[in-house]
Amino acid sequence: MSGENTVRISGVLVAKEAMRWTPARVPVLELRIEHQSRQMEAGAEREVSCELSVRAVGPAAQQIEVVAPGSRIAIEGFLAAKSARNRAPVLHIRTFELLEGN
C-alpha cells in the first residue's frame, strides 16, 4: 500500500521539548509551529492559521535542536499518527530550512 503523503509548510517555531532518545539511541525532538497565511478558497482569499505538532527524528532532530523558538522555518515532511493510541496527525520532518528574517 503506497500513496502520496508530502506536506510543505512554513511557520514560526513556537515550542520545543527537550531531546529524547529511543531505546536504539535515535534522537527524537517534539516541536510546535504556528502557520499564518492568505489562501484562495472557492474564488475568495481568506486568512488561515493553525498550530501543528512536528516531530524530528535522527539527524533532523540534532540539526533543528539548535533553532531558537521564534525562528521562521519551512518544513517538508509527511503526516503520521502521533502514536498507536493517539491518531492525531504529527508532521514528521524530512527537511527544513531557516527563512529570512530570523
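Every value quoted in this text rests on a predicted model; they were computed, and no experiment measured them. Heads up: numbering here begins at 1 and tracks the sequence.
Counting heavy atoms from C-beta on, the side chains of Ile33 and Ile73 come closer than 4.5 Å. Taking the side chain as every heavy atom from C-beta outward, Arg20 and Glu30 approach each other to under 4.5 Å. Between Leu91 and Ser53, the closest side-chain pair of non-hydrogen atoms is not below 4.5 Å. When side chains are defined from C-beta on, Leu31 counts as touching Ile93, because their heavy atoms get closer than 4.5 Å.
Remark: of the listed residues Ile64, Val54, Leu13, Ile64 is the sole one forming a side chain to side chain contact (heavy atoms under 4.5 Å, CB included) with Phe96.
For the atom pair NE2 of His35 and CD1 of Ile9, the computed distance is 4.5 Å after rounding to the nearest 0.5 Å.
No donor-acceptor pair closer than 3.5 Å links the side chain of Lys16 to the backbone N or O of Arg32.
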For this session: Give the intermediate values and the outcome of side chain to side chain contact (heavy atoms under 4.5 Å, CB included) for residues Ser71 and Leu98.
Result: CA-CA 7 Å; Ser71 298; Leu98 288 172; 4.2 Å; yes

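Cluster partners of Val48 are absent, since no Ile, Leu, Val, Met, Phe, Trp or Tyr has side-chain heavy atoms less than 4.5 Å from it. Side-chain heavy-atom separations under 4.5 angstrom define the hydrophobic clusters, and the remaining members of the one that includes Val28 are Val26, Val57.
There is no path of hydrophobic side-chain contacts, each under 4.5 Å, that joins Val66 to Leu29. With hydrophobic clusters built from ILVMFWY side chains whose heavy atoms lie under 4.5 angstrom apart, Leu52 shares a cluster with Leu79.
Checked against salt bridge (Lys or Arg N to Asp or Glu O under 4.0 Å), Arg94 has no partners two or more places apart in sequence or in another chain. Arg38 meets the side chain to side chain contact (heavy atoms under 4.5 Å, CB included) test with Glu45, Glu47; sequence neighbours excluded.
Between Val67 and Gln63 the shortest heavy-atom distance is CG2-O, 4.3 Å. Minimum interatomic distance between Ala61 and Ala56 (heavy atoms only, all atoms of both residues): CB-O, 3.4 Å.
Judged as a side chain to side chain donor-acceptor pair (under 3.5 Å), the pairs with a partner in residues 3-14 (not counting sequence neighbours) are, in order, Arg8-Glu97. For residues 74-91, no residue pair satisfies the side chain to side chain donor-acceptor pair (under 3.5 Å) rule, not counting sequence neighbours.
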